[in-house]
Enquirer: 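Structure provided below as structure tokens; questions to follow.
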Amino acid sequence: MAPIATTLTSLAEENYLHKKFIRDEDERPKVAYNKFSDDIPVISLDGIEKTGGDRAEICRKIVAACEEWGIFQVVDHGIDLKLIGDMTRLAREFFALPAEEKLRFDMSGGKKGGFTVSSHLQGEAVQDWREIVTYFSYPIKARDYSRWPDKPEDWRAVTESYSEQLMKLGSSLLEVLSEAMGLEKDALSKACLDMDQKLVVNFYPKCPQPDLTLGLKRHTDPGTITILLQDQVGGLQATRDGGKTWITVQPVEGAFVVNLGDHGHYLSNGRFKNADHQAVVNSNYSRLSIATFQNPAPDATVYPLKIKEGEKSIVEEPITFSEMYKRKMSNDLERSRLKKLANDKKLKEEDFNKSKFIPCKSFEEIQA
Ligand SMILES: O=C1C[C@@H](c2ccc(O)c(O)c2)Oc2cc(O)cc(O)c21
Ligand SMILES: O=C(O)CCC(=O)C(=O)O
Ligand SMILES: [Fe+2]
């Protein structure tokens, strides 16, 4: 495959989209980035510490959202709004830096953390229209600060407190989700052993032909939950019918979107959905989102915590999270590789059929 542009900044200025970003028709956006839906509930976490009334009500709302979509939004979550503002401002400043500054943290070649264009997976057949910075933030002992951008000044320190605050929010969400599954408060965190955390800061530049591409292709997140901060532009979309219909999640100032990942889905034996989602882009505004992936430890076993009477486990054999992660990512890559192969084959066949058509045309000429 041709090497991809060092960053998207120069391509964002062009009038046409480079063909490596052009998706097959069936993958292209079906709904506009700013046609917002209020199907995803916005749940206040105020009173979550109180047992009884408020907590039970919050739990009920979360159960309904997880059974329907695997997504909900939370407000009154206790994260300092100034910290959120600083984190997004500094992230935007980073992506506005010259390419060579960003590429000092280039993640290609398997480095753990830093800057990448398009995807964390090497070898995707079609490229995502995004730039990312990834931080491996927990466990603390595994942090490599040399992979955390040192510009703009303060971003490292702000990211450190952001990831700490989000770890706390993640833990309290896991407690409510445990109760929502009808389990002890600490059931999910026990199943995760020592919680891992990875931050992925997504920057989607303005795009010359947004209808032909995606900022981030359709996927489910691999971990337990993802806590996503998005700006007010819009672009996060979800489907619950396998991609036939899509909704665009309404951005809510100061809210976090909570997505259930594959691990959360398996723990609930499929009762709670793993959010099926993607990000679309547009030609009017660039967009920023910050995904905090709360994952189990790599050696945690993936298995349902509760199986209803008469039901079977949706996990065929207990495997570790690291094995599950590897299989998922290689399946995702394989699927995109096979699709490309099928398309190339179709194109070759079309060429072949066209070439057969030529003698036919001359045959018509002879007849005429
Ligand atoms: O960037 C992402 C998004 C997401 C993802 C899952 C599966 C895919 O095939 C894909 O292209 C994106 O989840 C992630 C999980 C990670 O560990 C790192 C990421 O950068 C991401
Ligand atoms: O940018 C978004 O809204 C979605 C990001 C996302 O799904 C992810 O980073 O996994
Ligand atoms: Fe995601």
Enquirer: Restricting to salt bridge (charged side-chain N to carboxylate O under 4.0 Å, His left out), what partner residues turn up for K190, sequence neighbours left out?
Expert: D186
Enquirer: Could you work out, with side chain to side chain donor-acceptor pair (under 3.5 Å) as the rule, every residue matching E164, not counting sequence neighbours?
Expert: none
Enquirer: Would you tabulate the side-chain donor-acceptor contacts of residues 29-39 under 3.5 Å, counting partners in other chains and residues two or more places apart, or write 'none'?
Expert:
from	atom 1	to	atom 2	distance (Å)
K30	NZ	G243	O	3.3
Y33	OH	N284	ND2	3.0
S37	OG	D39	N	3.0

Enquirer: Check this for me: does any side-chain nitrogen of one of R104 and E100 sit under 4.0 Å from a carboxylate oxygen of the other?
Expert: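 E100 and R104: not salt-bridged.
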Enquirer: Please report the closest heavy-atom contact between V126 and I22, naming both atoms and the distance.
Expert: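 Heavy-atom minimum between the residues: CG1-O, 3.6 Å.
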Enquirer: Check salt bridge (charged side-chain N to carboxylate O under 4.0 Å, His left out) between R335 and all other residues, then give those that pass, not counting sequence neighbours.
Expert: D332
Enquirer: With no hydrogens and no angle check, is any side-chain donor or acceptor of S289 less than 3.5 Å from a backbone partner on Q230?
Expert: no
Enquirer: So among R156, E101, K102, which one has a side chain to side chain contact (heavy atoms under 4.5 Å, CB included) with K151?
Expert: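 Only match with K151 under side chain to side chain contact (heavy atoms under 4.5 Å, CB included): E101.
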Enquirer: Test D221 against F293 for side-chain contact (heavy atoms from CB on, under 4.5 Å), laying out the working first.
Expert: CA-CA 8 Å; D221 296 340; F293 296 102; 3.6 Å; yes
Enquirer: Is there a continuous path of hydrophobic side-chain contacts, each under 4.5 Å between heavy atoms, that joins M324 to L267?
Expert: no
Enquirer: So, are E179 and R55 salt-bridged, with charged N and O less than 4.0 Å apart?
Expert: yes
Enquirer: State the OG1-CG distance between T220 and N274, to the nearest 0.5 angstrom.
Expert: 5.0 Å
Enquirer: Would you say that more than 12 heavy atoms from the other residues, nucleotides or ligands in this model lie under 6.0 Å from the OH of Y285, or not?
Expert: no
Enquirer: Under a single-linkage definition using a 4.5 Å side-chain heavy-atom cutoff for Ile, Leu, Val, Met, Phe, Trp and Tyr, are V281 and V117 assigned to the same hydrophobic cluster?
Expert: yes
Enquirer: For the backbone of F21 and the side chain of T213, can you confirm whether one donor and one acceptor N or O come within less than 3.5 Å of each other?
Expert: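 Yes, because the side chain of T213 sits within donor-acceptor range (under 3.5 Å) of the backbone of F21.
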Enquirer: Regarding K273 and E67, does a basic nitrogen lie under 4.0 Å from an acidic carboxylate oxygen?
Expert: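 No, K273 and E67 are not salt-bridged.
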Enquirer: Is a side-chain donor or acceptor of D86 paired with a backbone partner of V158 at a separation under 3.5 angstrom?
Expert: no
Enquirer: Say whether, by atom type as modelled, one donor and one acceptor occur between the side chain of S118 and the main chain of D128 under 3.5 angstrom.
Expert: yes
Enquirer: Which pair of heavy atoms, one from P222 and one from F321, lies closest together, and at what distance?
Expert: O-CE1, 3.5 Å
Enquirer: Could you tell me if the ring centre of Y204 sits under 6.0 Å from that of W129?
Expert: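 When the ring centroids of Y204 and W129 are compared, they turn out to be at least 6.0 Å apart.
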Enquirer: List the residues meeting side chain to side chain contact (heavy atoms under 4.5 Å, CB included) with A96, not counting sequence neighbours, and say none if there are none.
Expert: none
Enquirer: Roughly how far, to the nearest 0.5 Å, is the CZ atom of F105 from the OH atom of Y135?
Expert: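 Reported to 0.5 Å precision, the distance equals 9.0 Å.
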Enquirer: Cluster question for you: counting only ILVMFWY and a side-chain heavy-atom cut-off of under 4.5 Å, with indirect links fine, are L8 and L17 together?
Expert: yes
Enquirer: Would you call D344 and K340 a salt bridge, taking side-chain N to carboxylate O under 4.0 Å as the test?
Expert: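 Looking at D344 and K340, the cut-off is met.
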Enquirer: What pair of heavy atoms forms the shortest contact from D231 to S286, and how long is it?
Expert: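 That would be OD2-O, 4.3 Å.
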Enquirer: Using the side chain to side chain donor-acceptor pair (under 3.5 Å) rule, pick out the option among Q237, K217, E27 that qualifies with Q278.
Expert: Q237
Enquirer: Start with the C-alpha distance between D211 and R28, add both sets of side-chain angles, then the distance that settles salt bridge (Lys or Arg N to Asp or Glu O under 4.0 Å), and finish with yes or no.
Expert: CA-CA 6 Å; D211 297 344; R28 292 180 195 166; over 6 Å; no
Enquirer: Which residue, K61, R271, R240, forms the salt bridge (Lys or Arg N to Asp or Glu O under 4.0 Å) with E68?
Expert: R240
Enquirer: State whether the number of non-hydrogen atoms from other residues, nucleotides or ligands found under 6.0 Å of K206 atom NZ is greater than 12.
Expert: no
Enquirer: Between R218 and D276, does any NZ, NE, NH1 or NH2 come within less than 4.0 Å of an OD or OE carboxylate oxygen?
Expert: yes
Enquirer: Are I132 and F95 grouped together when hydrophobic residues (ILVMFWY) are joined by side-chain heavy atoms under 4.5 angstrom apart?
Expert: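 No, it is not one cluster - the side chains of I132 and F95 are not joined through contacts under 4.5 Å.
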Enquirer: Taking NZ, NE, NH1 and NH2 as the nitrogens, is one of them in R327 or E317 under 4.0 Å from a carboxylate oxygen of the other?
Expert: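 A salt bridge links R327 with E317.
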Enquirer: Could you check L199, L83, I227, I290 and say which one makes a side chain to side chain contact (heavy atoms under 4.5 Å, CB included) with L166?
Expert: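 With L166 as partner, side chain to side chain contact (heavy atoms under 4.5 Å, CB included) holds for just one option, I227.
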Enquirer: So how far is it from S268 OG to L260 CG, rounded to the nearest 0.5 Å?
Expert: 6.5 Å
Enquirer: Run the side chain to side chain contact (heavy atoms under 4.5 Å, CB included) test against M107 and tell me which residues pass, sequence neighbours left out.
Expert: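 Once residues adjacent in sequence are excluded, the partners of M107 under the side chain to side chain contact (heavy atoms under 4.5 Å, CB included) criterion are T116, T134.
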Enquirer: Running the 4.5 Å side-chain criterion over Ile, Leu, Val, Met, Phe, Trp and Tyr, what cluster does V42 land in, apart from itself?
Expert: V75, V252
Enquirer: Hey, is D106 close enough to K111 for a salt bridge, meaning N to O under 4.0 Å?
Expert: no
Enquirer: With R143, which residues qualify under side chain to side chain contact (heavy atoms under 4.5 Å, CB included), at least two apart?
Expert: S137, Y138, I140, Y145, W148, E160, S163
Enquirer: So do F203 and R287 actually touch side chain to side chain, heavy atoms under 4.5 Å?
Expert: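 No, too far: nothing below the 4.5 Å cut-off.
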Enquirer: Tell me whether R147 contacts the main-chain N or O of F115 through its side chain, where contact means a donor paired with an acceptor under 3.5 Å.
Expert: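 Pair absent, no side-chain N/O of R147 close to backbone of F115.
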Enquirer: Give every residue pair that meets the side chain to side chain donor-acceptor pair (under 3.5 Å) criterion with at least one member in residues 299-315, sequence neighbours excluded.
Expert: none
Enquirer: Does E316 have any side chain to side chain donor-acceptor pair (under 3.5 Å) partners at least two apart in sequence or in another chain, and if so, which?
Expert: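 By the side chain to side chain donor-acceptor pair (under 3.5 Å) rule, E316 matches no residue at all.
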Enquirer: Would a 4.5 Å heavy-atom cut-off, applied to side chains only, mark I43 and I58 as touching?
Expert: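 Yes; the side chains approach each other to less than 4.5 Å.
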Enquirer: Do any pairs count as a ring-ring contact (aromatic ring centres under 6.0 Å, His included) and have a residue in residues 212-258, sequence neighbours left out, and if so which ones?
Expert: H77-F256, H219-H277
Enquirer: Are any of the side-chain heavy atoms of T159 and M87 separated by less than 4.5 Å?
Expert: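 They are in side-chain contact.
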Enquirer: Hey, does the side chain of Q73 reach the backbone of Q250 with a donor-acceptor pair shorter than 3.5 angstrom?
Expert: yes
Enquirer: Any chance you could measure S283, atom OG, to N15, atom CG, to the nearest 0.5 Å?
Expert: 11.5 Å
Enquirer: With sequence neighbours excluded, what pairs up with H120 under the ring-ring contact (aromatic ring centres under 6.0 Å, His included) test?
Expert: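 Testing H120 for ring-ring contact (aromatic ring centres under 6.0 Å, His included), a comparison that skips the adjacent residues, returns none.
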